[in-house]
Colleague: 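Got a structure for you, questions after.
Throughout, residue positions are numbered sequentially from 1 according to the sequence presented.
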Amino acid sequence: MAKKIDKMGKYDSVIADLSTAKSNLQDSIDQLKQVTNPSEQFILQRLTGIANITALEAVSEGNDPNNKLGKQGGYTACIYFNSDLVGSSDVYLSGDYTSVVDGGCDAGGAVEVYANAKDAKKRDEYLSSFDGNSILDPGSHKVVGTCVVRTSCHLAASQQNSMTSNVEQALIRLDK
């Protein structure tokens with residue numbers, strides 16, 4: 001029997017590959033959990049410290065510009081952010097700065113959190129209907145789990161891509 005077993009070969013590399021695949025799968029599952037209807041506090045924490053994000057503010061029922069917070073099909077949380085890559089003259093007509101939410105996505109971007117992937121995708125499709133419209137340009141937008149990551153139309157395409165990537169990486173980062 002020992003000779004038969006010796007002829008079967010070594011499985012160390014196969015076992016190592018399976019172990020790596022199992023670890024990668026678990027990380028993927030954990031990342032998906034993080035971006036499936038995360039809390040407002042989680043989003044605020046993850047956006048803090050990202051390059052070029054200078055201010056953050058969560059919407060409330062009293063200041064929600066889209067009037068979608070907590071409503072059926074609407075977001076469960078929405079955090080707007082300002083970026084130092086966007087000039088305030090591009091956003092604020094009067095020069096008077098009031099709040100991050102007042103600047104909307106134009107001042108930097110936002111992360112909208114939905115209860116499920118279907119609602120996030122529906123919002124992304126809605127925003128897509130305005131792509132290329134100079135007056136109603138929603139900027140860039142990407143679904144990450146049940147979140148819609150949005151960036152300002154006042155950013156260059158490379159800046160939008162970089163900002164979106166930075167936000168996405170912050171949201172899926174696993175702190176082990």
Side-chain angles (χ1 to χ4, degrees), residues 34-173:
Q34 283 186 182
V35 293
T36 301
N37 198 14
S39 69
E40 176 181 286
Q41 194 59 39
F42 176 81
I43 301 296
L44 286 166
Q45 174 200 18
R46 292 303 175 103
L47 293 178
T48 300
I50 293 177
N52 302 112
I53 292 181
T54 57
L56 302 166
E57 185 179 2
V59 299
S60 65
E61 287 184 351
N63 71 357
D64 182 5
N66 298 309
N67 200 26
K68 293 186 176 297
L69 183 63
K71 292 185 177 177
Q72 182 71 30
Y75 37 75
T76 60
C78 180
I79 291 78
Y80 284 93
F81 57 86
N82 284 0
S83 172
D84 57 8
L85 299 172
V86 177
S88 62
S89 62
D90 291 332
V91 180
Y92 301 101
L93 299 177
S94 68
D96 294 331
Y97 178 80
T98 53
S99 75
V100 176
V101 172
D102 287 342
C105 282
D106 287 347
V111 176
E112 300 174 353
V113 179
Y114 292 87
N116 57 61
K118 179 182 174 188
D119 289 343
K121 288 176 186 170
K122 184 176 178 181
R123 173 66 167 166
D124 188 58
E125 289 170 6
Y126 171 77
L127 293 171
S128 292
S129 69
F130 298 104
D131 287 346
N133 183 324
S134 60
I135 295 174
L136 300 175
D137 186 354
S140 73
H141 42 93
K142 179 180 183 181
V143 175
V144 178
T146 66
C147 303
V148 178
V149 176
R150 301 180 59 190
T151 63
S152 175
C153 62
H154 297 293
L155 295 172
S158 61
Q159 292 171 320
Q160 289 175 335
N161 292 335
S162 178
M163 181 73 71
T164 299
S165 178
N166 290 344
V167 170
E168 179 178 13
Q169 290 307 306
L171 293 176
I172 65 170
R173 181 186 74 237

Colleague: If you count the non-hydrogen atoms of other residues, nucleotides and ligands that lie under 6.0 Å from CZ in Phe130, is the total more than 12?
Modeller: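 It does: Phe130 CZ has more than 12 such atoms within range.
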Colleague: Identify the heavy atoms of His141 and Ser128 that sit nearest to each other, and give their distance.
Modeller: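 The pair with the smallest heavy-atom distance is CE1-OG, 3.1 Å.
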Colleague: Are any of the side-chain heavy atoms of Leu127 and Arg123 separated by less than 4.5 Å?
Modeller: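 Sidechains of Arg123 and Leu127: in contact.
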Colleague: Consider side chain to side chain donor-acceptor pair (under 3.5 Å). Of Asn166, Asp84, Asn82, which one does Asn52 pass it with?
Modeller: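 Going through the options one by one, the only one that passes is Asp84.
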Colleague: Using the test salt bridge (Lys or Arg N to Asp or Glu O under 4.0 Å), find all partners of Glu40 that sit at least two apart in sequence or belong to another chain.
Modeller: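 Once residues adjacent in sequence are excluded, Glu40 has no partner under the salt bridge (Lys or Arg N to Asp or Glu O under 4.0 Å) criterion.
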Colleague: I need the minimum non-hydrogen distance between Asp137 and Gly139, along with the two atoms involved.
Modeller: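 Minimum heavy-atom contact is OD1-N, 2.9 Å.
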Colleague: Are side-chain heavy atoms of Asp106 and Val86 found at a separation under 4.5 Å?
Modeller: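 No, too far: nothing below the 4.5 Å cut-off.
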Colleague: Are any of the side-chain heavy atoms of Asp64 and Tyr75 separated by less than 4.5 Å?
Modeller: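 A side-chain contact exists here, since the closest heavy-atom pair is under 4.5 Å.
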Colleague: Do Met163 and Val149 touch side chain to side chain, with heavy atoms closer than 4.5 Å?
Modeller: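 Contact flag for Met163/Val149 side chains = no.
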Colleague: Is any side-chain heavy atom of Val113 closer than 4.5 Å to one of Pro38?
Modeller: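 Counting from C-beta outward, Pro38 and Val113 do come under 4.5 Å.
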Colleague: Give a yes or no on whether Gln45 atom CD has more than 12 heavy-atom contacts from other residues, nucleotides or ligands under 6.0 Å away.
Modeller: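 Yes, because the 6.0 Å sphere around CD of Gln45 holds more than 12 heavy atoms from other groups.
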Colleague: Looking only at heavy atoms, what is the nearest atom pair of Glu57 and Val100, with distance?
Modeller: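 In this case the closest contact between Glu57 and Val100 is OE1-N, 3.0 Å.
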Colleague: I need the minimum non-hydrogen distance between Cys147 and Ile43, along with the two atoms involved.
Modeller: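 Of all heavy-atom pairs spanning Cys147 and Ile43, the closest is SG-CD1, 4.4 Å.
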Colleague: Are side-chain heavy atoms of Val59 and Pro65 found at a separation under 4.5 Å?
Modeller: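 Yes, close enough: below the 4.5 Å cut-off.
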Colleague: If you take all heavy atoms of Pro138 and Arg150, which pair is closest and at what distance?
Modeller: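 Closest approach of Pro138 to Arg150: O-NH2, 3.7 Å.
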Colleague: Classify the side-chain pair Ser60/Asn63 by whether it contains a donor and acceptor separated by less than 3.5 Å.
Modeller: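 The answer is yes; a qualifying pair exists.
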Colleague: Is the shortest side-chain heavy-atom distance between Glu168 and Val35 below 4.5 Å?
Modeller: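 No; the side chains remain at least 4.5 Å from each other.
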Colleague: Is there side-chain contact between Leu171 and Phe42, with heavy atoms separated by less than 4.5 Å?
Modeller: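 Yes, at least one pair of side-chain atoms sits under 4.5 Å.
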